[in-house]
Visitor: 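First, the structure itself, so that you have it in front of you.
Values reported hereafter were calculated over all heavy atoms of this structure, with side chains retained and with hydrogens, waters and symmetry mates removed. Predicted model only: the values in this text are computed from it and were never measured. To find a chain, count down the sequence lines: A is the first, B the second, and so on, and within it residues start at 1.
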Protein chains: 2
Amino acid sequence: MKSGNPLLLLIEDDPQFQMLLNTTLQSQGFYVLAVGTGQAGLIAVRNQQPSLLILDLGLPDMDGQEVISRLRKWSEIPIIVLSARDQETDITLALDHGADDYLTKPFSPAVLISRIKALLRRVAKLPGGALEVFQVGELKVELTRRRVFVSIKEISLTPIEFNLLSELVRHAGFVVTHRQLLEKVWGASHVEHSHYLRIYMAQLRHKLESDPARPRYLLTEAGVGYRLNEAEN
Amino acid sequence: MKSGNPLLLLIEDDPQFQMLLNTTLQSQGFYVLAVGTGQAGLIAVRNQQPSLLILDLGLPDMDGQEVISRLRKWSEIPIIVLSARDQETDITLALDHGADDYLTKPFSPAVLISRIKALLRRVAKLPGGALEVFQVGELKVELTRRRVFVSIKEISLTPIEFNLLSELVRHAGFVVTHRQLLEKVWGASHVEHSHYLRIYMAQLRHKLESDPARPRYLLTEAGVGYRLNEAEN
DNA sequence: TTTTAGTATCAAGATTTCGTAAGGATAAGA
DNA sequence: TCTTATCCTTACGAAATCTTGATACTAAAA
């Protein structure tokens with residue numbers, strides 16, 4: 001299940017408090033997965049790969065600090081800790097073990113929300129998340145780096161060539177109409193110049209295809225537009 | 001002192017408190033740059049490119065919230081806010097404007113240290129993060145010490161040259177657009193002067209490349225921007 | 001087969017973008 | 001004051017890129 005909204009994992013043993021948080025978070029558009037033990041939490045992080053973890057330190061089955069330490073051996077998931085304990089040593093211990101934030105109970109739900117968003121915003125630029133890579137056969141397109149490879153050889157594309165290819169990559173497997181391509185690459189005032197497309201598609205094929213006359217990736221959909229083949233054949 | 005230590009910028013108008021924090025932070029091995037006004041802070045972020053900002057909200061010359069908003073238009077520097085105000089709205093406002101963390105006075109120095117480290121740790125994993133030393137081939141760049149080497153020979157760069165190179169280092173492997181570079185190095189009012197880039201890129205190449213006409217590190221992405229090559233070839 | 005609409009290719013000229021050099025302005029330090 | 005370093009400005013040739021027009025190809029319809 002892929003969707004725009006982030007999935008938050010909540011590890012909290014008090015059912016009432018769990019329910020309360022659940023409602024608050026969902027009202028902000030987050031998906032929430034709630035578990036009651038550290039064990040279940042560790043498993044959920046591995047299996048569900050949530051975007052962020054909200055961890056109550058007081059757990060029945062294991063020490064909250066230990067949950068953090070164990071997680072950090074193999075995961076970089078953002079962690080916000082909740083705790084009734086406000087001693088300096090508790091806070092520094094949790095943070096030093098690898099937590100990202102620490103809130104003492106009682107806390108304002110609005111502040112929790114803002115802190116979650118702040119952390120997600122910070123983490124949104126992680127390499128894994130930001131690096132959009134499309135690959136089919138020999139062809140590899142790294143959108144965020146603006147780099148294109150055929151097998152391991154890097155291909156240099158001009159801005160128009162790259163923007164055109166991007167638009168096809170973003171809709172890989174689907175036809176993109178002439179109008180759509182022209183509008184994205186040249187702007188709304190050039191939607192009539194479908195001639196440009198032929199020129200640049202030819203150039204792209206020349207650079208990316210082994211046999212430009214019989215393209216494997218950049219396919220023509222006569223009368224409609226072009227399509228980037230996403231399946232090997 | 002260890003070379004890779006991060007530079008922290010402290011914006012705090014109370015001299016006594018500034019002194020106190022300064023001592024605390026330095027005792028932890030951080031380099032500290034302290035200023036007393038929002039204006040000076042904004043300039044320092046641009047010119048010194050610190051790894052993290054500690055911002056007291058109560059400033060004499062401008063609203064602390066505005067400092068955050070203005071910074072976030074062109075900088076992703078991690079921000080920890082200090083404030084005597086503990087109202088929910090103050091906190092959420094600061095975070096929603098783009099701060100990463102918020103501490104209410106009085107706070108424990110140990111907690112501040114742990115929170116700084118937590119944030120730096122998080123940010124170190126991002127592209128454009130607080131990676132301290134960048135190296136590829138013969139070229140080595142130490143961001144916080146502001147030193148650059150080609151093989152073992154140290155190269156002297158002017159402030160603009162260094163800031164330009166920093167910006168490329170922070171996004172090593174990614175294209176950085178003309179606009180982005182101009183905004184970071186010269187400020188938002190100079191985004192049109194793309195010829196500055198050509199001049200200074202030429203100077204950088206002259207200083208850093210063995211064959212400036214055929215650059216190995218400082219690559220041009222025609223029509224888009226420049227890219228620092230992150231892989232040897 | 002001929003026609004036709006849509007597509008592909010080629011190459012030259014126009015335009016934009018880049019690299020380089022040289023000189024003037026400014027400010028800091030000797 | 002003179003020197004030095006840095007930054008900005010101007011100018012121009014070179015390179016890359018885009019646009020344009022002419023021409024050839026292909027497949028489906030008449």
Side-chain angles (χ1 to χ4, degrees), chain A residues 146 148 154-166 168 175-182 184-187 189-228, chain B residues 43 46-48 146 148 154-166 168 175-182 184-187 189-228:
Chain A
R146 294 187 76 91
V148 178
E154 178 162 8
I155 308 294
S156 153
L157 298 185
T158 73
I160 288 194
E161 286 166 2
F162 184 86
N163 291 341
L164 186 55
L165 180 59
S166 296
L168 292 169
V175 183
V176 190
T177 64
H178 294 143
R179 166 171 278 272
Q180 214 170 330
L181 290 169
L182 287 162
K184 280 279 181 178
V185 180
W186 281 270
S189 53
H190 293 72
V191 285
E192 307 299 322
H193 300 74
S194 54
H195 182 63
Y196 292 0
L197 284 178
R198 299 198 197 99
I199 304 284
Y200 282 94
M201 287 303 296
Q203 288 183 13
L204 275 177
R205 282 173 176 152
H206 189 73
K207 287 186 175 182
L208 303 179
E209 301 275 3
S210 49
D211 182 0
R214 251 170 292 286
R216 285 196 300 158
Y217 309 119
L218 300 163
L219 308 182
T220 301
E221 298 282 345
V224 188
Y226 294 88
R227 177 168 60 90
L228 182 62
Chain B
I43 293 169
R46 187 184 300 290
N47 292 342
Q48 312 296 322
R146 300 181 73 85
V148 179
E154 177 160 9
I155 308 294
S156 153
L157 297 185
T158 73
I160 287 198
E161 285 167 4
F162 185 86
N163 289 342
L164 187 54
L165 180 59
S166 302
L168 293 169
V175 180
V176 191
T177 64
H178 296 142
R179 166 170 282 270
Q180 220 170 328
L181 291 168
L182 287 163
K184 283 274 183 166
V185 180
W186 280 272
S189 53
H190 294 72
V191 286
E192 308 296 324
H193 302 166
S194 58
H195 61 280
Y196 289 5
L197 287 177
R198 283 183 248 129
I199 307 283
Y200 283 92
M201 287 302 297
Q203 288 182 13
L204 275 177
R205 281 173 176 154
H206 188 73
K207 288 185 176 183
L208 303 180
E209 300 275 2
S210 48
D211 181 0
R214 255 173 286 294
R216 283 197 301 159
Y217 309 121
L218 301 164
L219 309 182
T220 300
E221 299 282 343
V224 186
Y226 293 87
R227 177 166 59 89
L228 181 61

Visitor: To the nearest Å, how far apart are A:Leu182 CG and D:dC18 P?
Guide: 14 Å

Visitor: Taking atom CG of B:Leu181 and atom OG of B:Ser166, what is their separation to the nearest 0.5 Å?
Guide: 11.0 Å

Visitor: Take the protein atom CH2 of B:Trp186 and the nucleotide atom P of D:dT6, then report the distance between them rounded to whole Å.
Guide: 15 Å

Visitor: Take atom CZ of B:Arg198 and atom C1' of D:dA14, then tell me their distance rounded to the nearest Å.
Guide: 12 Å

Visitor: Can you label the angle between the B:His195 ring and the B:His193 ring as parallel, tilted or perpendicular, going by 30° and 60°?
Guide: tilted

Visitor: Looking at residues at least two apart in the chain, or sitting in another chain, which of them share a side chain to side chain donor-acceptor pair (under 3.5 Å) with B:Arg46?
Guide: none

Visitor: Between A:Arg146 and B:Glu221, is the salt bridge (charged side-chain N to carboxylate O under 4.0 Å, His left out) condition met? List the steps.
Guide: CA-CA 9 Å; A:Arg146 294 187 76 91; B:Glu221 299 282 343; 6.0 Å; no

Visitor: If you define the side chain from C-beta out and look only at heavy atoms, does anything of B:Val176 sit under 4.5 Å from B:Leu228?
Guide: no

Visitor: What is the distance, to the nearest angstrom, from the CD atom on B:Glu221 to the C1' atom on D:dT17?
Guide: 14 Å

Visitor: Go through DNA chain C in 5' to 3' direction and return only the first and the last nucleotide with some atom under 4.0 Å of chain A's heavy atoms.
Guide: C:dG6 to C:dC10

Visitor: CG of B:Leu197 versus P of D:dC8: gap in Å, rounded?
Guide: 12 Å

Visitor: Would you mind classifying the nucleic acid contact of B:Ser194 as base, sugar-phosphate or nothing, using non-hydrogen atoms under 4.0 angstrom?
Guide: nothing

Visitor: Please state how far atom CD in A:Glu161 lies from atom C1' in D:dT19, giving the value in whole angstrom units.
Guide: 14 Å

Visitor: Rounding to a whole Å, what distance do you find between B:Arg214:CZ and D:dA15:P?
Guide: 10 Å

Visitor: Can you tell me the distance, in whole Å, between the CZ atom of B:Phe162 and the C1' atom of D:dT6?
Guide: 17 Å

Visitor: Considering heavy-atom distances to DNA chain D, does A:Tyr200 or B:His190 have its closest nucleotide positioned more toward the 5' end?
Guide: B:His190

Visitor: Out of curiosity, A:Thr158 OG1 to A:Leu204 CG, how far, rounded to the nearest 0.5 Å?
Guide: 7.5 Å

Visitor: Checking contacts here: which listed nucleotide (D:dT17, D:dC7, D:dT10) is nearest the side-chain heavy atoms of B:Thr158?
Guide: D:dC7

Visitor: Nearest-nucleotide wise, let me know which of A:His195 and B:Tyr226 is further upstream toward the 5' end of DNA chain C.
Guide: A:His195

Visitor: Select from B:Ile199 and B:Leu157 the residue whose nearest nucleotide in DNA chain D is closer to the 5' end of that strand.
Guide: B:Leu157

Visitor: Checking side-chain contact (heavy atoms from CB on, under 4.5 Å) between B:Leu165 and each of B:Ile160, B:Leu157, B:Val185, which is the one that passes?
Guide: B:Leu157

